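Just below is one structure, and these are the notes that go with it.
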Amino acid sequence: KMASTAAGKQRIPKVAKVKNKAPAEVQITAEQLLREAKERELELLPPPPQQKITDVEELNDYKLRKRKTFEDNIRKNRTVISNWIKYAQWEESLKEIQRARSIYERALDVDYRNVTLWLKYAEMEMKNRQVNHARNIWDRAITTLPRVNQFWYKYTYMEEMLGNVAGSRQVFERWMEWQPEEQAWHSYINFELRYKEVDRARTALVLVHPEVKNWIKYARFEEKHSYFAHARKVYERAVEFFGEEHMDEHLYVAFAKFEENQKEFERVRVIYKYALDRIPKQDAQNLFKNYTIFEKKFGDRRGIEDIIVSKRRFQYEEEVKANPHNYDAWFDYLRLVESDTDAETVREVYERAIANVPPIQEKRHWKRYIYLWINYALYEELEAKDAERTRQVYQACLELLFVFWFVFFFFYAQQGTSIGKCPKNKLFKGYIELELQLREFDRCRKLYEKFLEFAPENCTSWIKFAELETILGDIDRARAIYELAIGQPRLDMPEVLWKSYIDFEIEQEEFEKTRNLYRRLLQRTQHVKVWISLAQFELSAAQDERLQRCRQVYEEANKAMRSCEEKEERVMLLEAWRSFEEEFGTDATKERIDKLMPEKIKKRRKLQAEDGSDAGWEEYYDYIFPEDTANQPNLKLLAMAKLWKKQQQESEAAAMDPDKDIDESQT
């Protein structure tokens, strides 16, 4: 035992003790280790041995092993599309096209949203000149994933390369129905231009992407093809399309440069002035710069002075915008516009200036502000020579001062003494406005009640009261207020009140109550606009029978309007009915409404002067309705009389030829 133990102890190696633990002079980093391994190529595997296939059996065995490998990889993870693509490409390399198709179809069942898979599949068919198969794949791809632009581009390119221009155009038209991005539309336009189809390329882009740059491209396209009148119309349509709310300086600069190329210098000047008057100055720097260059090239001294004045106006605009209560800047601005512009512009600047009431009660501010009013009145009196407007300016100034008196007696208004002593409409409105600002809604209700007791015929007050209750969420109170309002014996604007009540019920989606309101209104008046409004309401109501209800309203209105003396109103109703049938009706209903349309004829009537003497004849237009002619007994009697007269003439002719009667009797 002791010998074996000694032998075991001898086998255990001794651990060397590190005597020097100081860092080595040359340090080895991980980067150096990796670089050394790369240089020695320690991890490179030798290439596999080349395999030579000598007979068909060995080839089939090789194919079987490769297919088994691919199928095993697919079975392990079906979602890795690269395995499917490698498998299909390997089959394609062996000219096994049918097998490659099968693999691609299986892959599409796994992930039909994979764009690369569709592209590889279609490219395989095109590479092997399988055109119909490629068309089928592209068609499936654009149907399944219509928002992938790459499919559409490749599909149209393939058809164009095959010379199938009509097919490529058809694909483009299918693509445009999805309203793609701008580049797709440009591709479509360039395609049409390649085949000289200018009319097809026209107006394609601005219908879906009506940005300013696209309108400019459209106009330059027309100009490039020498359609200058069309180009001008495009610019005019663009200006009309964007209006004054979305004006862009680039559009007007392009428009002006186009007119400058056409030597229409007056039109250029009008365009620049129109744009500068309406576009905010901070957004019109480029426009102002181009206008200056134009005037220096083609303008006179007056035009250059106008530009300088416009620049000074821009500076004053910036000053008053930065500080609207800078009355000295307003005075300078007003002196400039008084010396150079028309009266309407001066009045506009004065109105903007006097709208900036001093925010604090200090004499120095109010002194400068009151001088604005005085200068405004003096301008109207001395420069504009308009006594009526001068009177209006002074009156508005006195009303402004009255506001401070109104604030002064606010305490008395809280007690109700002012309303009791001087019940005026303006006082009621001002008091209610104050209470609304203080959020005293109960006081507002009481004030409205007092106001309506004082002036129950005021429809505006009834509407405002009901709107207040609607805002506060008390729908039943609002409805009760409207009911009280329409029950008043005398109203100043009943049509406005009824419209407000009907709009209120429509907002609450109470369609049955809205119908009842219309019926109650029709009991009071048979005006054609009420019938048309009811029909439009029935059409807009989101219900299954809306077309039938709308048509029924028109039928009822037509029957009610037969006794109306104003034939123009009946024609208006039938025109509205016909517009409805043209949009929603069938051929039978359209034919029926066409039969109801009247015939317009010219008539004459005798005129008499005030003293009873003959004043000649007057021509006027009248309408004859088919329904009325069928129901008038006089017209029927006249037709019968004409028939009787014809029969009499025939009998007289027979009596004058007796030989003919004898021959006929013998026969």
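Every value quoted in this text rests on a predicted model; they were computed, and no experiment measured them.
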> Considering all heavy atoms of both residues, which atom of A134 and which atom of A122 are nearest to each other, and what is their separation?
Replying inline: CB-O, 4.4 Å
>> Suppose we screen for side chain to side chain donor-acceptor pair (under 3.5 Å). Which residues come up paired with R479, at least two apart in sequence or across chains?
In response: E505
>> Give me each pair satisfying side-chain hydrogen bond (donor to acceptor under 3.5 Å, both in side chains) with a member in residues 143-157, each pair once, sequence neighbours excluded.
In response: N149-E181
> Mind checking what makes side-chain contact (heavy atoms from CB on, under 4.5 Å) contact with Q508, not counting sequence neighbours?
Replying inline: T470, I475, F504, E510
> Is the number of heavy atoms from other residues, nucleotides or ligands under 6.0 Å of D587 CG greater than 12?
Replying inline: no
> What residues form a side chain to side chain donor-acceptor pair (under 3.5 Å) with K499, not counting sequence neighbours?
Replying inline: D503
> In Å, rounded to the nearest 0.5 Å, how long is the span from CZ of R515 to CG of L517?
Replying inline: 12.0 Å
>> So, using ring-ring contact (aromatic ring centres under 6.0 Å, His included) as the criterion, who are the partners of F70 when residues are at least two apart?
In response: Y87, W90
> Mind checking what makes side-chain contact (heavy atoms from CB on, under 4.5 Å) contact with S82, not counting sequence neighbours?
Replying inline: V80
> Residues two or more places apart in sequence or in another chain: which of them pass side-chain contact (heavy atoms from CB on, under 4.5 Å) with N128?
Replying inline: E92, I97, M124, Q130
> Are there more than 12 heavy atoms of other residues, nucleotides or ligands under 6.0 Å from atom CD1 of I28?
Replying inline: no
> What is the distance from atom OG1 of T514 to atom CG of N516, rounded to the nearest 0.5 Å?
Replying inline: 8.5 Å
>> M126 vs E123, test: side-chain contact (heavy atoms from CB on, under 4.5 Å). Steps then yes/no.
In response: CA-CA 5 Å; M126 291 190 294; E123 286 173 2; 4.3 Å; yes
>> If you compare all heavy atoms of R67 against all heavy atoms of E91, which two are closest, and at what distance to 0.1 Å?
In response: NE-OE2, 2.8 Å
>> Could you go through I502 and I506, starting from their C-alpha distance and side-chain angles, then the distance that decides it, and tell me whether this counts as side-chain contact (heavy atoms from CB on, under 4.5 Å)?
In response: CA-CA 6 Å; I502 290 170; I506 292 174; 3.9 Å; yes
> What do the steps show when you test D111 against L117 for side-chain contact (heavy atoms from CB on, under 4.5 Å), and what is the final call?
Replying inline: CA-CA 9 Å; D111 185 7; L117 192 59; 5.5 Å; no
> What residue among I142, V148, I137 forms side chain to side chain contact (heavy atoms under 4.5 Å, CB included) with W118?
Replying inline: I137
> For D55, which residues count as a side chain to side chain donor-acceptor pair (under 3.5 Å) partner, sequence neighbours excluded?
Replying inline: none
>> Nearest 0.5 Å, please: how far is CG in L108 from CD1 in I103?
In response: 12.0 Å
> Minimum heavy-atom separation for A100 to A88, with atom names?
Replying inline: CB-O, 3.7 Å
> Given side chains that start at C-beta, do those of K120 and I81 come closer than 4.5 Å, heavy atoms only?
Replying inline: no
> Quick one: side-chain contact (heavy atoms from CB on, under 4.5 Å) partners of D72, sequence neighbours excluded?
Replying inline: K68, R75
>> Tell me if a side-chain donor or acceptor on W84 pairs with a main-chain N or O of R78 at a distance below 3.5 Å.
In response: yes
> Going by the angle between their ring planes, with limits at 30° and 60°, are Y501 and W498 parallel, tilted or perpendicular?
Replying inline: tilted
>> Would E159 and R169 count as a side-chain contact (heavy atoms from CB on, under 4.5 Å) here? Give the steps.
In response: CA-CA 9 Å; E159 294 290 355; R169 180 177 292 114; over 6 Å; no
> Which pair of non-hydrogen atoms, one from Q32 and one from Q27, has the smallest distance, and what is that distance?
Replying inline: OE1-O, 3.5 Å
> Quick one: side chain to side chain donor-acceptor pair (under 3.5 Å) partners of D139, sequence neighbours excluded?
Replying inline: R174
> Rounded to the nearest 0.5 Å, how far apart are NZ of K66 and CG of L94?
Replying inline: 9.5 Å
>> I need the N164 CG to Q170 CD distance, nearest 0.5 Å.
In response: 8.5 Å
>> Rounded at 0.5 Å granularity, tell me how far CG in N73 sits from CG in N83.
In response: 5.0 Å
> Can you list the residues that meet the ring-ring contact (aromatic ring centres under 6.0 Å, His included) rule with F584, with sequence neighbours excluded?
Replying inline: F580
> Does any pair with a residue in residues 94-107 pass side-chain hydrogen bond (donor to acceptor under 3.5 Å, both in side chains), and if so which ones, sequence neighbours excluded?
Replying inline: E71-R106, Q98-R101, R101-E125, E105-Y121, E105-R140
>> Checking the side chain of Q89 only, and the main-chain atoms of K86 only, is there a donor and an acceptor separated by less than 3.5 Å?
In response: no
>> Would you say CZ of R113 has more than 12 non-hydrogen atoms from neighbouring residues, nucleotides or ligands within 6.0 angstrom?
In response: no
